[in-house]
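Residue indices begin at 1 and follow the sequence shown.
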Amino acid sequence: MPVLHSTKNLHVIEPPTPSREGVGVFEYTDHYTVFHHGRMPDEIPGKGEAICRMAHVNFLLLEEAGVATHFRRFLPPNRIEFTLARTPEAAAASPGPAPSGNRLLPLQVLFRNELPAGSSVHRRLAAGDLAPADLGLDTVPTAGTKLTRPLIEYASTREDVNRFLTPAQARHLCDLDDEQLTDLRNTTLTVNRVLTRHAEKAGLSHCDGKAEYLLTSDRRLVLADSPGTPDESRLMLNGVHLGKQILRDWYVNSGNTIPTGKLIADGVPRSRWPRPASLPPQFVPVMSDLYRSLSDRWTGERHGGVPDLAAVVATLAGLPRR
């Protein structure tokens, strides 16, 4: 479920209990996040509705493919009702024996099909934290390399800075058995396949993404969060990023990167973190058009009267780099 620094607001309709799941509503807002900082100063008009409409289509596609999800219903224009499980912290704090089900897993399962510029894989390779063999490659890949088969990785979700995990560490963290871990991997491969095929039909590249899961009271794995949106997946059109990588690049190139890792390591409370710089004024209307036109392309619907995605992408070159 979203934490304080998410771009979604969580409304609890029926709280979950140790014996049954509850009901929640995600309200998709116009906020964006980068660098583990949480919500940034600017809002991007229309982003929340655009992301929500994409999430709705994705849930329908995935359920049609046999993937169990927490989706219940779409509440236009920017809300989704879903099955709500306990957070890991709430489950652990419940009296009685250790919780077995009805809990969100503190894990994200990442899938990678391509390695564009901006992918963390390039940084980890340069730092020696990853080897080409881990990717099924013989040499260090260049930006834009397409993998012959998807790479699956695991990372934590409930820490100040999430860390990559081995499959064994992921299984232990989530208290899963070997069969459940295999199911987790296979379901994620299905999620990736469904979303990648839909992207291809829309003329887009689905480079990478992530999936999160909950464990029901009868210990069934169910897909959670909002996979396949530009907040959770890296989508591109003809080599151009279609999401927050554009914003991340501006912060880096302009020298406005936020050293969240150092702030956390030094124990600086968030209330004392420096306020992030606002985006240049040219960014907000262009990014608003980008999210809304991407949503139109993805869903096959027209909302908001924005230009075609290709036309909006052409305007990105005119944005300041610094």
Side-chain angles (χ1 to χ4, degrees), residues 1-16 20-33 38-39 43-87 90 102-105 107-109 157 187-188 190-192 194-195 198-199 202 206 209-217 220-233 235 242-244 288 290-304:
M1 302 306 137
V3 294
L4 176 62
H5 314 292
S6 171
T7 61
K8 299 187 289 292
N9 294 331
L10 170 62
H11 303 279
V12 177
I13 308 302
E14 296 179 16
R20 64 168 176 78
E21 291 79 28
V23 178
V25 169
F26 278 149
E27 177 191 8
Y28 293 71
T29 74
D30 292 340
H31 293 282
Y32 70 95
T33 63
R39 296 182 177 186
E43 293 185 28
I44 299 174
K47 174 181 178 288
E49 179 179 345
I51 297 287
C52 185
R53 292 187 181 279
M54 292 178 69
H56 175 223
V57 167
N58 293 343
F59 283 127
L60 298 181
L61 289 170
L62 290 165
E63 292 195 338
E64 184 178 358
V67 176
T69 80
H70 70 167
F71 173 77
R72 292 171 62 95
R73 59 177 175 148
F74 174 43
L75 302 171
N78 68 325
R79 296 183 300 154
I80 282 178
E81 183 180 276
F82 63 96
T83 299
L84 179 65
R86 296 177 297 170
T87 64
N102 187 19
R103 56 189 170 89
L104 181 72
L105 300 183
L107 183 75
Q108 53 188 329
V109 188
T157 59
T187 301
T188 301
T190 300
V191 170
N192 178 42
V194 170
L195 296 175
H198 186 72
H206 182 229
K210 64 180 182 178
E212 297 183 32
Y213 295 87
L214 61 86
L215 201 63
T216 64
S217 52
R220 290 183 301 109
L221 285 168
V222 171
L223 182 69
D225 206 14
S226 306
T229 71
D231 278 354
E232 311 297 338
S233 282
L235 300 169
L242 303 177
K244 62 183 178 182
S288 174
L290 179 66
Y291 280 111
R292 291 184 293 158
S293 62
L294 172 60
S295 182
D296 285 356
R297 174 79 71 94
W298 190 267
T299 64
E301 302 172 351
R302 297 287 293 178
H303 296 278

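- Taking the side chain as every heavy atom from C-beta outward, E27 and N78 approach each other to under 4.5 Å.
- Listed by chain and residue number, nothing satisfies the ring pair (Phe, Tyr, Trp, His ring centres under 6.0 Å) test with Y28 (two or more places apart in sequence, or in another chain).
- Of all the heavy atoms in R53 and T299, the pair that sits closest is O-CG2, 3.6 Å.
- With D231 as reference, K47 is the one residue of K47, K244, K210 to meet the salt bridge (charged side-chain N to carboxylate O under 4.0 Å, His left out) rule.
- Not a single donor-acceptor pair under 3.5 Å links the side chain of T229 to the backbone N or O of I51.
- T187 contributes atom OG1, which lies 8.5 Å from atom CG of L223 (distance to the nearest 0.5 angstrom).
- A distance-only check finds a donor-acceptor pair linking the side chain of Y213 to the backbone of T188 [under 3.5 Å].
- For the ring pair (Phe, Tyr, Trp, His ring centres under 6.0 Å) test with F59, the passing option among F26, F74, F71 is F71; the others fail.
- Separation of atoms CZ (R103) and CG (L215) is listed at 5.0 Å; rounding is to 0.5 Å.
- Between the side chains of S226 and E232, no donor N or O sits under 3.5 Å from an acceptor N or O.
- The environment of CZ in R302 is crowded: more than 12 heavy-atom neighbours from other residues, nucleotides or ligands sit within 6.0 Å.
- A donor-acceptor contact shorter than 3.5 Å is absent between the side chain of R39 and the backbone of T33.
- Contact check for F82 versus L10: side-chain heavy atoms found under the 4.5 Å cut-off.
- In this structure, the side chain of R86 does not engage the main chain of P16 through any donor-acceptor pair within 3.5 Å.
- Contacts of H198 classified as ring pair (Phe, Tyr, Trp, His ring centres under 6.0 Å), with partners at least two apart in sequence or in another chain: W298.
- Residue H56 holds its NE2 atom at 9.5 Å from CG of L75, rounded to the nearest 0.5 Å.
- Annotation: E64, atom CD; neighbour count of heavy atoms from other residues, nucleotides and ligands within 6.0 Å does not exceed 12.
- With rounding to the nearest 0.5 angstrom, the CG atom of L214 is 12.0 Å from the OG1 atom of T87.
- Taking all atoms of both residues into account, the shortest heavy-atom contact from S295 to A50 is OG-O, 3.0 Å.
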Practice problem: Kindly indicate, with the supporting measurements, whether the criterion side-chain hydrogen bond (donor to acceptor under 3.5 Å, both in side chains) is fulfilled by T157 and Q108. | Solution: CA-CA 6 Å; T157 59; Q108 53 188 329; over 6 Å; no
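- In this structure a side-chain-to-backbone donor-acceptor pair under 3.5 Å is present from D296 to H303.
- The backbone N or O of L84 lies less than 3.5 Å from no partner atom in the side chain of H70, so there is not a single donor-acceptor pair.
- Distance alone, capped at 3.5 Å, is enough to place a donor-acceptor pair between the E21 side chain and the S217 backbone.
- Expressed to the nearest 0.5 Å, how far CG of L61 lies from CG of L195 amounts to 7.5 Å.
- Formation of a donor-acceptor pair under 3.5 Å by the S233 side chain with backbone atoms of L235 is not found in this model.
- At distances below 3.5 Å, at least one donor-acceptor pair connects side-chain atoms of D30 with backbone N or O atoms of G48.
- Checked by atom type and distance alone, the side chain of N58 pairs as donor or acceptor with a backbone atom of P227 at under 3.5 Å.
- Residue H11 holds its NE2 atom at 7.5 Å from CZ of R79, rounded to the nearest 0.5 Å.
- Contact detail for A85 and N102: the closest heavy-atom pair is CA-OD1, 3.7 Å.
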